[in-house]
Colleague: 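A single structure is presented below for examination.
Please read these numbers as outputs of a predicted model, since none were measured by experiment.
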Amino acid sequence: MNEDNVKVQMRKGILEYCILAILSRGDSYAPKIIAELKQAEMIVVEGTLYPILTRQKNAGLLTYRWEESPQGPPRKYYMLTEAGRQQLALLDEAWNEMVEQIKLIRHGNGDEQVSDNSTGNVIEVMPLQ
């Protein structure tokens with residue numbers, strides 16, 4: 001698996017979380033959301049963003065309003081609903097747990113023994129040579 005493909009797959013898995021996080025800081029419209037994602041090097045195109053926004057709106061996580069734009073047609077501003085804020089809180093919790101789990105897997109917990117939860121037995125962990 002090449003590096004670019006790995007990054008693309010990881011990004012796809014967290015884009016919905018990132019969109020909710022961006023909108024938690026304030027209402028926004030699609031081109032501005034894309035610009036924020038690009039600034040964070042989470043490259044995304046309109047063809048990826050709009051289906052996610054529609055899915056989140058249909059799930060009751062977002063709502064929107066139309067607002068006149070000084071530079072062209074009206075803009076659709078998206079905002080989180082209360083359900084969206086609750087979903088973001090759940091995703092924050094899940095993300096933090098996952099980061100800790102990955103740290104543990106990557107670096108270990110510093111102990112040389114691990115308890116097997118299914119049997120209660122202690123398993124000796126040998127360092128890699």
Side-chain angles (χ1 to χ4, degrees):
M1 190 180 272
N2 76 30
E3 182 181 351
D4 287 339
N5 191 34
V6 169
K7 289 179 181 179
V8 166
Q9 293 304 315
M10 291 176 119
R11 283 185 185 114
K12 281 183 181 180
I14 60 170
L15 271 177
E16 293 197 25
Y17 179 32
C18 291
I19 291 166
L20 293 176
I22 289 169
L23 292 174
S24 74
R25 297 191 317 263
D27 303 352
S28 193
Y29 56 99
K32 187 174 177 192
I33 294 169
I34 290 172
E36 284 198 50
L37 291 168
K38 284 182 179 178
Q39 183 178 9
E41 297 183 22
M42 291 284 293
I43 305 302
V44 65
V45 294
E46 287 181 11
T48 302
L49 180 66
Y50 284 110
I52 294 171
L53 290 170
T54 299
R55 195 166 44 250
Q56 289 179 327
K57 183 189 75 63
N58 291 342
L61 305 177
L62 306 178
T63 189
Y64 65 87
R65 70 175 186 282
W66 288 98
E67 197 171 292
E68 289 298 321
S69 168
Q71 304 162 347
R75 292 180 176 156
K76 186 187 276 190
Y77 277 80
Y78 293 89
M79 63 211 77
L80 289 182
T81 62
E82 184 55 37
R85 290 186 193 292
Q86 291 173 3
Q87 179 69 15
L88 179 59
L90 289 172
L91 290 171
D92 282 337
E93 185 177 320
W95 178 259
N96 291 333
E97 285 177 15
M98 188 177 302
V99 166
E100 289 306 312
Q101 291 164 345
I102 291 170
K103 282 181 188 176
L104 183 61
I105 290 166
R106 288 280 294 133
H107 306 291
N109 63 2
D111 295 340
E112 293 186 4
Q113 296 181 350
V114 176
S115 175
D116 180 351
N117 290 338
S118 64
T119 64
N121 295 333
V122 173
I123 301 169
E124 185 89 18
V125 176
M126 304 299 290
L128 294 175
Q129 301 281 327

Colleague: Hey, is CD on Glu67 packed in by over 12 heavy atoms from elsewhere, all under 6.0 Å?
Modeller: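 Yes, enclosed.
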Colleague: Can you name the ring-ring contact (aromatic ring centres under 6.0 Å, His included) partners of Tyr29, sequence neighbours left out?
Modeller: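 Scan of Tyr29 (ring-ring contact (aromatic ring centres under 6.0 Å, His included), adjacent residues dropped) gives Tyr77.
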Colleague: What I want to check is whether the side chains of Tyr17 and Asp92 have a donor and an acceptor closer together than 3.5 Å.
Modeller: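 Indeed, the side chains of Tyr17 and Asp92 share at least one donor-acceptor pair under 3.5 Å.
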Colleague: Taking all non-hydrogen atoms of both residues, which atom of Leu53 and which atom of Ile33 are closest, and how far apart?
Modeller: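 Scanning both residues, the minimum pair turns out to be CD2-CD1, 4.3 Å.
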Colleague: I want to check something: taking the side chain as every heavy atom from C-beta on, are Leu88 and Leu23 in contact at a cut-off of under 4.5 Å?
Modeller: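 Side chain of Leu88 against side chain of Leu23, heavy atoms only: no contact under 4.5 Å found.
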Colleague: I need the minimum non-hydrogen distance between Gly60 and Ala83, along with the two atoms involved.
Modeller: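 For Gly60 and Ala83, the tightest heavy-atom pair comes out as O-CB, 3.6 Å.
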Colleague: Does Ser24 reach the main-chain N or O of Ala21 with its side chain, forming a donor-acceptor pair under 3.5 Å?
Modeller: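 Checked: pair present.
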Colleague: Please say whether more than 12 non-hydrogen atoms of neighbouring residues, nucleotides or ligands are located less than 6.0 Å from CD in Glu82.
Modeller: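 Enclosed.
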Colleague: When hydrophobic residues are tied together by side-chain contacts of less than 4.5 Å, even through go-betweens, does Leu90 share a cluster with Trp95?
Modeller: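 Unlinked, Leu90 and Trp95 end up in two clusters.
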Colleague: Do the non-hydrogen side-chain atoms of Leu61 and Leu80 ever get within less than 4.5 Å of each other?
Modeller: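 No, every pair of side-chain atoms sits at 4.5 Å or beyond.
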Colleague: Please name the pair of heavy atoms, one in Met42 and one in Cys18, separated by the smallest distance, quoted to 0.1 Å.
Modeller: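 Nearest heavy atoms, Met42 then Cys18: CE-SG, 4.0 Å.
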Colleague: Measure the spacing between CG of Leu15 and CG of Leu49 and express it to the nearest 0.5 Å.
Modeller: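 Separation between the atoms: 8.5 Å.
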Colleague: Please check this pair: side chain of Glu16 against backbone of Gln56, looking for a donor-acceptor N/O pair closer than 3.5 Å.
Modeller: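 Such a contact is absent between Glu16 side chain and Gln56 backbone.
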Colleague: Indicate if Ile52 and Val45 have the same hydrophobic cluster label, given that clusters are the connected sets of ILVMFWY residues with side-chain heavy-atom separations under 4.5 angstrom.
Modeller: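 Result: no, two separate clusters.
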Colleague: If you measure from CD on Gln39 to CG on Leu37, what distance do you get to the nearest 0.5 Å?
Modeller: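 These two atoms lie 10.0 Å from each other.
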Colleague: Nearest 0.5 Å please: distance from the CZ atom of Arg25 over to the CD atom of Glu36.
Modeller: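 Taking CZ in Arg25 and CD in Glu36, the distance rounds to 4.5 Å.
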Colleague: For Thr81 versus Thr63, what's the shortest heavy-atom pair and its separation?
Modeller: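 Taking Thr81 first and Thr63 second, the nearest heavy atoms are CG2-N, 3.9 Å.
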Colleague: Do side-chain atoms of Ser69 reach the backbone of Pro74 as a donor and acceptor pair under 3.5 angstrom?
Modeller: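 It does not hold such a pair.
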Colleague: Could you state the interatomic distance from CD1 (Ile102) to CD (Glu100), rounded to the nearest 0.5 Å?
Modeller: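 Rounded to the nearest 0.5 Å, the CD1-CD separation comes to 10.0 Å.
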Colleague: What I'd like to find out is whether the side chain of Ile34 reaches to under 4.5 Å of the side chain of Thr48, using heavy atoms alone.
Modeller: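 No, their side chains stay 4.5 Å or more apart.
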Colleague: When hydrophobic residues are tied together by side-chain contacts of less than 4.5 Å, even through go-betweens, does Met79 share a cluster with Ile22?
Modeller: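 Cluster IDs for Met79 and Ile22 differ.
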